[in-house]
2 protein chains.
Amino acid sequence: MPSPRSVHPQDDLTPRQREILDFIRNRLTVGGAPPTRLEICAAFGFASPNAAEDHLRALAKKGAILMTAGAARGIRLPAPPGLPVIGAVAAGSPLLAVENQRGTLPIAPELFSPRADYLLQVRGNSMSGVGILDGDLLAVHRTVEARSGQIVVARLEDEVTVKRLQRRGSRVELMAENPEYAPIVVNGPLVIEGLVVGLIRGGRPL
Amino acid sequence: MPSPRSVHPQDDLTPRQREILDFIRNRLTVGGAPPTRLEICAAFGFASPNAAEDHLRALAKKGAILMTAGAARGIRLPAPPGLPVIGAVAAGSPLLAVENQRGTLPIAPELFSPRADYLLQVRGNSMSGVGILDGDLLAVHRTVEARSGQIVVARLEDEVTVKRLQRRGSRVELMAENPEYAPIVVNGPLVIEGLVVGLIRGGRPL
DNA sequence: TGGGAAGCTGGAAGAAAATACAGTCACCCA
DNA sequence: TGGGTGACTGTATTTTCTTCCAGCTTCCCA
C-alpha cells in the first residue's frame, strides 16, 4: 500500500517550505503565472538558483506542487484552486452526514477569515434565524477549537450538524437558531469538525 | 483625448484573436500558467512562433492582455478576474445608495446562474426572512427584466433597495421579507437594476 | 487599383529559465 | 559520533522562450 499521503499536503511541510509554497500561491493568484527559480531567489534573498530548485524538489516530492520538466515556469498546483464541496449535512434534527466530496467550486479559501478549508451544504432550516437556509453552502475552517457562541460544524456519534456552540460551565449545548428546534444537550462524545466562517448561496435566482 | 477604449476590451477583437484570447484564458485557469509562443503554435497549428507573436502584439495593443517584456510566459490578463464590490445599499427603509466600487473579490461570475455582474453589500435587515442579513454581499445579475416574486435590486428616485418584486395587475409593490417593514407601493419611476442571484457572507467567523 | 490590416511562413540571435554537479553548515536523532 | 535531512552557495550546461528580420497571401475598403 502506498504511503497514505495527507489530504492536506501542506500539513507536513517545513516552515520554510510553507513560505515558498505561499509565495508560489501568491504569484499564481496575483501575477497570473508561477515564479521562476531566479524569482524565488530574488524574493527570499537566495544567492543560488539551486536553493530554489531544492525547495521545489522537496515540495514536489511531498505533493504540494507539480512540476512540468523542462518548461519555463512549469510549477503547477496539484488541486485545482478552489474549495471542495462536501455533501449535505443535517442541520435539522441531525441526520446522517456523508463526508463525500461532490466537486469543487472556484473560490479562493482566503476569501474568508480564517481561511476556509471546504464548503458544506446545509440541509434543513434549524439555523434560519441567522440566515443559514436549506441548500446554502457554508464555508468551514477546519479546527477543533471553538469558543462559546460560535457557529460550528460538530459531530455527535456519526451525525454531523451545524449549530451554535454554548458552554455553560461544564455543560455543552448545541443551539439551533430556530424556535422550532430544541437545544441539544451534549453528554456523549462531541467532536468539533470546524468553524463556520462564511456562506454562499447561488446557482439560481433567489 | 485618447480613444475611449471599451470597458470590455474583448469586444473589438477579431474572431481569430478571440480564439487566441480564449486559449490563453483556458491555459491560465486550467494549467495555472500562461502559454508560450510555441505552445500557441502547437494549439493552433502555426508553423512559426511569429504567428503567435503577431497575435499577442495585437491583443496587447487592444488591451486584451498585458505582456511582460523578456519574461518567459509573460502574458497576463489586465483585469484581475473577479467581481467588483459595490458600496452598501439601503435594505432597511431605503437610504441613499452610492454606486461606488469598493474593490474586487476573486470570485468567478459563472459561480452563479445567471452570471453575476457585481456584488452589492446589504445594509439593514429588511430581507432577513430569506436569509439576507446586514453586511451580506449579494451577487447581482444586471438586467431590467424581472418576474413577479423575484428578489431584485431596484432604484426609486435616487435610492437603491433590495426587495421582492410583486406585480398585482398594474400595481407594482416592493415587498420586504421582515414583518417590521411595510410593503412599498410604487407610483413613481421604478428602475430594475438587477436580479439577485446569490449571496456571500464571510470575512469573519459567524 | 492599390494600400493597409489580418494572418500567416521561415529562420535565427540572444536572453531567460531549468537543471545538473560539487560543496558547506547546522540540526536532530539513534 | 556518526548519518541523514534541511537549507543553502557557486558554477556550469543545456534547453526553452522571446523577439527580431524578411517575406507571402487574402480580404476589405477608399
Side-chain angles (χ1 to χ4, degrees), chain A residues 3 5-6 9-24 26-28 31-78, chain B residues 3 5-6 9-24 26-28 31-78:
Chain A
S3 80
R5 177 64 65 198
S6 165
Q10 62 267 35
D11 286 348
D12 40 307
L13 300 181
T14 69
R16 196 58 161 160
Q17 286 167 357
R18 202 180 310 263
E19 279 185 76
I20 307 276
L21 180 58
D22 285 346
F23 174 72
I24 294 169
N26 178 270
R27 282 304 185 91
L28 277 166
T36 66
R37 274 69 167 168
L38 281 179
E39 285 172 357
I40 295 173
C41 289
F44 288 88
F46 300 157
S48 168
N50 194 47
E53 180 74 19
D54 283 353
H55 279 299
L56 293 179
R57 273 201 189 340
L59 286 170
K61 199 163 68 178
K62 290 181 178 178
I65 61 171
L66 294 174
M67 290 211 285
T68 308
R73 300 179 196 270
I75 305 171
R76 288 166 298 134
L77 294 183
Chain B
S3 78
R5 177 64 64 200
S6 166
Q10 59 270 34
D11 286 350
D12 40 306
L13 299 182
T14 69
R16 195 61 164 158
Q17 286 168 357
R18 201 181 310 264
E19 279 186 77
I20 306 277
L21 180 58
D22 285 345
F23 174 71
I24 294 169
N26 178 269
R27 282 304 185 90
L28 278 166
T36 67
R37 274 67 166 167
L38 281 179
E39 285 172 357
I40 295 174
C41 290
F44 289 87
F46 300 157
S48 169
N50 194 48
E53 180 75 19
D54 283 353
H55 279 299
L56 293 179
R57 274 196 184 349
L59 287 170
K61 200 164 67 180
K62 291 181 178 178
I65 61 171
L66 294 173
M67 290 212 284
T68 309
R73 300 180 195 269
I75 306 171
R76 287 166 298 134
L77 293 183

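On a predicted model such as this, the values are computed, not experimentally measured, just so you know. Order of the sequence lines sets the chain letters (A, B, ...), proteins ahead of strands, with each chain counted from 1.
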Measure from CE on M67(B) to P on dT19(D) and round the result to the nearest Å. 7 Å
Tell whether S48(A) reaches the base of dG10(D) with its side chain through a donor-acceptor pair below 3.5 angstrom. yes
Closest heavy-atom contact between A64(B) and L77(B)? O-CD2, 4.2 Å
For residues A72(B) and A72(A), report the shortest heavy-atom separation together with the two atoms involved. CB-CB, 3.6 Å
By nearest heavy atom, map P35(A) and A51(B) onto DNA chain C; which one lands nearer the 5' end? A51(B)
Write down the atom of R16(A), the atom of H55(A), and the distance for their closest heavy-atom approach. CG-CE1, 3.7 Å
Write down the distance between CD1 (I24(B)) and C1' (dC17(D)), rounded to a whole number of angstrom. 15 Å
Five pairs per end, C1' atoms only: what is the angle between the end axes of the helix from dT1(C)-dA30(D) to dA30(C)-dT1(D), to 10 degrees? 30°
Compare the minimum distances between each of dT19(C), dG7(C), dA20(C) and the side chain of Q17(B), then state the nucleotide with the smallest one. dG7(C)
Would the distance check show the side chain of R76(B) and the main-chain N or O of L66(B) forming a donor-acceptor pair, the cut-off being under 3.5 Å? no
Out of dT19(D), dC8(C), dG10(C), minimum distance to the side chain of D54(B) belongs to dC8(C)
With rounding to the nearest 0.5 Å, note down the distance linking OG1 in T14(A) to CG in L59(A). 8.0 Å
Length of the CD1-C1' vector between I20(A) and dA7(D), whole Å: 10 Å
Non-hydrogen atoms of F46(B) and A52(B) that approach each other most closely: CD1-N, 3.9 Å
On the side chain of N50(B), is there an atom forming a donor-acceptor pair with the base of dT9(C) - under 3.5 Å, no angle test? yes
Could you please name the option among dC8(C), dA6(C), dT19(C) that lies closest to any side-chain atom of R16(B)? dC8(C)
Below 4.0 Å: OP1/OP2 of dC8(C) and any side-chain N or O of R57(B): no
Out of curiosity, R57(B) CZ to D54(B) CG, how far, rounded to the nearest 0.5 Å? 7.5 Å
When you measure from the side-chain N and O atoms of H55(B) to the phosphate of dA6(C), is any distance below 4.0 Å, counting only OP1 and OP2? no
For dG7(C), take OP1 and OP2 only and decide whether either is under 4.0 Å from a side-chain N or O of T14(B). yes
Quick one: I65(B) CD1 to dT18(D) P, roughly how many Å, whole number? 11 Å
Atom-to-atom span, CD of E53(A) to P of dT15(D) - whole angstrom: 16 Å
Describe the nucleic acid contact of A58(A) in one word from base, sugar-phosphate, nothing, applying a heavy-atom distance below 4.0 Å. nothing
Whole Å only: how far is the CG atom of L56(B) from the C1' atom of dC20(D)? 15 Å
Reported CE-to-CZ distance for the pair M67(B) and R73(B), which is rounded to 0.5 angstrom: 15.0 Å
Please give, in whole Å, the distance from dA6(C) P to L21(B) CG? 16 Å
Whole angstrom value for the distance that separates P of dT9(C) from CZ of R37(B): 16 Å
Residue whose nearest DNA chain C nucleotide is more 5′ - P15(B) or G70(B): P15(B)
Picking from dC8(D), dC17(D), dT9(C), which would you name as closest to the side chain of A72(A)? dC17(D)
